[in-house]
Novice: 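First the structure, which I've put down as structure tokens, then a few questions once you've had a look.
Chain A is the first sequence line, chain B the second, and so forth, proteins listed ahead of strands; every chain is numbered from 1.
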Number of protein chains: 2
Amino acid sequence: MPAQTIVPVEANLINALEDRGLRKTSARSAVTTRIETASGAFTAEQLCRDLPEVGRATVYRTIRHLVDAGALCKLPMLDGAPKYSVARNEHHHHTICSRCGAVEEFRHSTVERVMRSLEKEIDGDIVGHRMEIFITCSNCLAESNRGGSSGR
Amino acid sequence: MPAQTIVPVEANLINALEDRGLRKTSARSAVTTRIETASGAFTAEQLCRDLPEVGRATVYRTIRHLVDAGALCKLPMLDGAPKYSVARNEHHHHTICSRCGAVEEFRHSTVERVMRSLEKEIDGDIVGHRMEIFITCSNCLAESNRGGSSGR
DNA sequence: TCCTAATTGATATCAAGTATCAATAAATTG
DNA sequence: CAATTTATTGATACTTGATATCAATTAGGA
Ligand SMILES: [Zn+2]
Ligand SMILES: [Zn+2]
Ligand SMILES: [Zn+2]
Ligand SMILES: [Zn+2]
């Protein structure tokens with residue numbers, strides 16, 4: 001067997017697009033494999049920089065399609081451009097590291113149970129919810145313990 | 001007694017600025033009283049339109065000061081400009097009507113308790129959280145029950 | 001292969017928000 | 001109160017993030 005090939009963790013983003021009746025093109029494949037290969041959340045501009053061979057408009061359009069398909073989460077940030085993160089589970093929330101920006105998905109049944117219990121107390125019909133937990137991730141904690149004074 | 005005067009519900013936004021060592025100016029008073037008088041959440045651009053006598057830069061600066069002072073909440077929206085809402089309680093969350101955009105503040109002790117319990121399960125240190133519940137508010141429900149087919 | 005509709009991407013444009021900086025207005029001092 | 005000092009203002013230019021346009025290209029089916 002030859003040297004092992006790097007296999008993307010998820011090879012379904014392009015499928016998510018095809019499932020919506022969109023054509024499989026080289027530009028779209030470039031965008032989706034880049035998202036799948038690179039780790040973690042990203043901004044649209046980062047993706048454009050990483051893929052200079054794909055036009056900005058196409059990058060933005062592809063991101064929009066993926067969000068519409070539910071394959072990407074759009075995370076509006078308190079300031080700056082929104083981040084996008086691959087959606088691995090149907091319904092979930094996110095942890096965001098305030099130090100380095102790392103985004104992780106999480107699910108917790110208690111949270112969902114509490115949400116359902118809120119229906120009685122809230123005026124109107126609940127149609128959805130969103131939640132983010134801001135953390136200092138373990139990487140960043142380790143970093144500062146090693147005497148790193150700078151935030152990066 | 002003459003015809004009753006309209007009294008703003010909260011007259012403390014300008015104080016929040018003065019407490020931070022900022023001067024009380026007519027431009028800032030115009031901004032804060034407009035926020036206090038008008039009801040509900042708003043965008044920076046809306047405020048600019050409502051106060052043509054105040055420069056855009058000043059409107060944006062004043063909003064930023066108020067957010068820094070904790071007197072306004074900044075709510076990043078999934079798309080479009082963020083909304084701002086007067087902060088009545090120290091820590092709280094928001095309900096947002098997906099139909100009309102109305103924003104309400106809410107607090108629920110169970111939610112906070114669950115948050116604390118999550119500390120054990122999440123990798124890293126929790127430094128904060130944010131949560132929004134998307135609703136169809138009772139106004140909008142009533143509206144559609146009265147046979148209003150249009151969303152507005 | 002040929003045809004047609006979808007896609008692309010350079011460019012222009014838009015929208016939200018910030019930086020600049022001379023003119024103005026608050027507070028402070030005498 | 002007048003003079004002085006310092007913060008504030010706002011017109012303007014600019015930045016950033018994102019979308020609209022549209023001729024040229026490409027995917028996918030007949
Ligand atoms: Zn981190
Ligand atoms: Zn949930
Ligand atoms: Zn409503
Ligand atoms: Zn909370």
Novice: Could you go through the side chain to side chain contact (heavy atoms under 4.5 Å, CB included) check for B:Glu104 and B:Phe106 one step at a time?
Specialist: CA-CA 7 Å; B:Glu104 293 291 336; B:Phe106 82 91; over 6 Å; no
Novice: Please tell me if the side chains of A:Ile135 and A:Cys97 come closer than 4.5 Å, counting only heavy atoms from C-beta onward.
Specialist: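 A side-chain contact exists here, since the closest heavy-atom pair is under 4.5 Å.
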Novice: Provide, to the nearest angstrom, the distance between the NE2 atom belonging to B:His65 and the C1' atom belonging to C:dT18.
Specialist: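 After rounding, the gap between these two atoms is 13 Å.
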Novice: Which pairs, with at least one residue in residues 58-75 of chain A and sequence neighbours excluded, count as a side-chain hydrogen bond (donor to acceptor under 3.5 Å, both in side chains)?
Specialist: A:Glu45-A:Tyr60, A:Thr58-A:Arg61
Novice: Can you check the B:Met77 CE to C:dA16 P distance for me, whole Å?
Specialist: 14 Å
Novice: CD of A:Glu53 versus P of C:dT8: gap in Å, rounded?
Specialist: 13 Å
Novice: Any heavy-atom pair between the side chains of B:Arg107 and B:Glu112 that's under 4.5 Å?
Specialist: yes
Novice: Reading DNA chain D from 5' onward, which residue's closest nucleotide shows up sooner: B:Arg23 or B:Arg56?
Specialist: B:Arg23
Novice: Of the nucleotides C:dT18, C:dA16, C:dA6, which one has an atom closest to the side chain of B:Ala81?
Specialist: C:dA16
Novice: In whole Å, what is the span from the OH atom of B:Tyr84 to the P atom of C:dA16?
Specialist: 12 Å
Novice: Show every ring-ring contact (aromatic ring centres under 6.0 Å, His included) that has at least one partner inside residues 115-144 of chain B, sequence neighbours left out.
Specialist: B:His91-B:His129, B:His93-B:His129
Novice: In whole Å, I'd like the distance from the CG atom of B:Leu47 to the C1' atom of C:dA16.
Specialist: 14 Å
Novice: Give me the first and last nucleotide of DNA chain D, going 5' to 3', that has any atom under 4.0 Å from a heavy atom of chain B.
Specialist: D:dT6 to D:dA11
